[in-house]
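Quick note: numbers below take in every heavy atom, side chains included, and nothing from hydrogens, waters or symmetry partners.
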Amino acid sequence: MAEKNTLFDWNQDGLIDREEFAFCWNRWIKVIVRPKSALLVINVQNDFVSGTLNMSQRSAKQNGLQVIEPINKLLDTVNFNAVFYSLDWHPSNHISFIDNIKLRKIHYTSTVQPEDAQTYDTVVFDGDTPMKQKLWPRHCVQDSWGAELHKDLKIVDNAIKVYMGTDPEEDSYSVFWDSKKLKRTSLAKQLEAKKVTDVYVCGLAYDVCVGASAIDAITIGYRTILIEDCCRGMDLDDIERTRNTILENYGSCVQSDEVKSMVEGKDRRPELGLKLALELKAKCIGSLYVRVIESKDRRPELGLKLALELKAKSKSSSMIEDRWIKVIVRPNSALLVINVQNDFVSGTLNLSQRSAKQNGLQVIEPINKLLDTVNFNAVFYALDWHPMWYKGHYTSFGATWYDLTQ
């Protein structure tokens, strides 16, 4: 209970006042009791079940066909507010296909050259931003049999299909983004339009597209549940790493027979409640700064700071008072946005892999909200911007902005 008080005690007075309780009731308790749930069925396509990327031929030897029965049972017995089916949907000249490797120039840093490349090798393609790419067999080509959803998979009425990997120059593992996180699919807006709070994820493959989609759902802010017996994966070690990442970030991993009571709000998982509370706290702090900038919220520590600075610079008390009052009532404010760059969010210096386990992606939404709602007098963006071989790494897309309002 003490932890909950800390999370919802916005003014840090040690108490939950009326306004804080109303917020807690409407935005936290009601969501936990009456969640709005979406099911994401990820890439249950012919090529992953019995085609060119047949999962049973990968190291984990898992059978993709085995996810169909439990997924169909979920669709028959659980009343989700929305159901989405994702499809890998590649053009024939897609960058991930090994037989297309000679269509693009290889960067000089690539340790694998075209003539030596094997399926599942990783190469570096040349370009303005050199890009690492894992090479896959040709799979899920648009309008082919391999790209079709498996014939035994139940397709519910009013479901929405989301297509991944449609750009020939970009790969996609998450149903939310391309692999560089520069382009979004339609999914996030559709979930927002349906006021979804809880995202359930299942399908193929656990350690690739299912895992990437679940982790992105968590980072965007959804209470996220991966349904393990409705997934199959490619590599047992990667499956375990994916599972641990989800759990470490307040996601949940469950069996399909647990889902119905969770969707109905009867089974309330503590990790999902904590996840929502943390998201709400982050958003509330952002709205608090709006009041500060508009000078309606005048912080005593800032007034004292200004008074001390003025006193140090001037001996005239009248001038100090004049400048002090005017600044407090009509401040000129600048926002400094520091290094919200790909490498710190999901690249080589991914913050979530450091000891604090904090997710850099979670700053995007509150910063964008500030930029949309607060009239700063000036806005500055700082970028780490190293020369090509600065301390052993070359500049890449990692130096560019993440999905940030500019």
Side-chain angles (χ1 to χ4, degrees), residues 42-43 45-64 87-142 144 146-147 164-175 177-183 204-213 215 232-242 245 342-343 346-350 353 388-389 392-398:
I42 308 294
N43 299 2
Q45 294 165 270
N46 289 322
D47 268 344
F48 297 120
V49 174
S50 58
T52 57
L53 255 176
N54 186 337
M55 294 185 51
S56 65
Q57 297 174 3
R58 303 290 290 152
S59 63
K61 305 294 184 184
Q62 296 189 350
N63 188 344
L87 296 92
D88 240 9
W89 198 252
H90 298 312
S92 61
N93 61 338
H94 195 255
I95 193 169
S96 72
F97 297 163
I98 187 168
D99 52 323
N100 289 336
I101 191 170
K102 294 184 179 179
L103 298 182
R104 297 166 180 85
K105 185 178 178 182
I106 296 293
H107 193 260
Y108 68 89
T109 61
S110 180
T111 58
V112 178
Q113 296 303 309
E115 59 273 15
D116 302 318
Q118 302 291 320
T119 306
Y120 310 120
D121 281 348
T122 297
V123 298
V124 181
F125 285 114
D126 199 12
D128 293 336
T129 56
M131 183 179 71
K132 286 185 177 182
Q133 176 63 54
K134 189 169 185 175
L135 300 174
W136 299 93
R138 178 173 291 267
H139 64 280
C140 297
V141 175
Q142 294 172 6
S144 69
M164 303 164 50
T166 59
D167 186 333
E169 303 303 323
E170 300 286 350
D171 210 356
S172 294
Y173 297 116
S174 167
V175 71
W177 299 91
D178 67 273
S179 57
K180 288 184 180 180
K181 286 188 165 59
L182 297 177
K183 299 175 185 175
L204 306 174
Y206 190 133
D207 48 330
V208 188
C209 295
V210 174
S213 299
I215 292 164
R232 293 294 183 272
M234 294 190 175
D235 180 89
L236 293 177
D237 290 338
D238 288 342
I239 290 170
E240 187 63 21
R241 276 191 287 270
T242 300
T245 300
N342 288 317
D343 268 344
S346 60
T348 57
L349 263 174
N350 187 336
Q353 297 174 2
M388 179 70 78
W389 287 106
H393 65 270
Y394 57 83
T395 55
S396 67
F397 86 97

What's the shortest heavy-atom distance between Pro114 and Ile101, and which atoms?
CA-CD1, 3.8 Å
For Ala117 versus Ile98, what's the shortest heavy-atom pair and its separation?
O-CD1, 3.9 Å
Which pair of non-hydrogen atoms, one from Gly165 and one from His90, has the smallest distance, and what is that distance?
O-ND1, 2.9 Å
Given side chain to side chain contact (heavy atoms under 4.5 Å, CB included), test Val49 with Leu204 step by step and report yes or no.
CA-CA 9 Å; Val49 174; Leu204 306 174; 3.9 Å; yes
Is there any side-chain hydrogen bond (donor to acceptor under 3.5 Å, both in side chains) pair reaching into residues 96-105, and which pairs are they, with sequence neighbours excluded?
His94-Ser96, Asp99-Arg138, Asn100-Arg138, Arg104-Glu169
Working to the nearest 0.5 angstrom, can you tell me the gap between Ile95 CD1 and Lys134 NZ?
15.5 Å
Of all residues at least two apart in sequence or in a different chain, which pass the side chain to side chain donor-acceptor pair (under 3.5 Å) check with Asp238?
Arg241
CG on Asp178 to CG on Asp167, rounded to 0.5 Å
8.0 Å
What is the distance from atom OG of Ser144 to atom CH2 of Trp89, rounded to the nearest 0.5 Å?
7.0 Å
Counting N and O atoms only, with roles assigned by atom type, does the side chain of Gln133 sit under 3.5 Å from a partner on the main chain of Phe125, one being a donor and the other an acceptor?
no
Give a yes or no answer on whether the side chain of Asp235 reaches the backbone of Ser59 with a donor-acceptor pair at less than 3.5 Å.
no
Check: Tyr120 ring centre within less than 6.0 Å of Trp136 ring centre:
yes
Any donor-acceptor pair under 3.5 Å from Asn63 side chain to Ser56 backbone:
no
To the nearest 0.5 Å, tell me how far Asp343 CG sits from Thr348 OG1.
3.5 Å
List the atom of Ala60, the atom of Gly233, and the distance in Å for their closest heavy-atom pair.
CB-O, 3.8 Å
Within 6.0 Å of CD in Gln113, more than 12 heavy atoms from elsewhere
yes
Find the distance between CG (Asn43) and CG (Leu87) and round it off to the nearest 0.5 Å.
6.5 Å
Please evaluate residues Val112 and Gln118 with respect to the criterion side chain to side chain contact (heavy atoms under 4.5 Å, CB included), reporting the C-alpha separation (whole Å), side-chain torsions for both, the decisive distance (0.1 Å), and the verdict.
CA-CA 9 Å; Val112 178; Gln118 302 291 320; over 6 Å; no
Taking side chain to side chain donor-acceptor pair (under 3.5 Å) as the definition, give me every residue that meets it alongside Asn46, ordered by chain and number, with sequence neighbours left out.
none
Tell me whether the rings of His139 and Phe97 are parallel (<30°), tilted (30 to 60°) or perpendicular (>60°).
perpendicular
Nearest-0.5 Å distance that lies between atom OG in Ser213 and atom CE in Met164:
5.5 Å
Identify the heavy atoms of Thr242 and Tyr206 that sit nearest to each other, and give their distance.
CG2-O, 3.8 Å
Show the nearest heavy-atom pair for residues Met234 and Ile239, with the distance to one decimal.
N-CD1, 4.3 Å
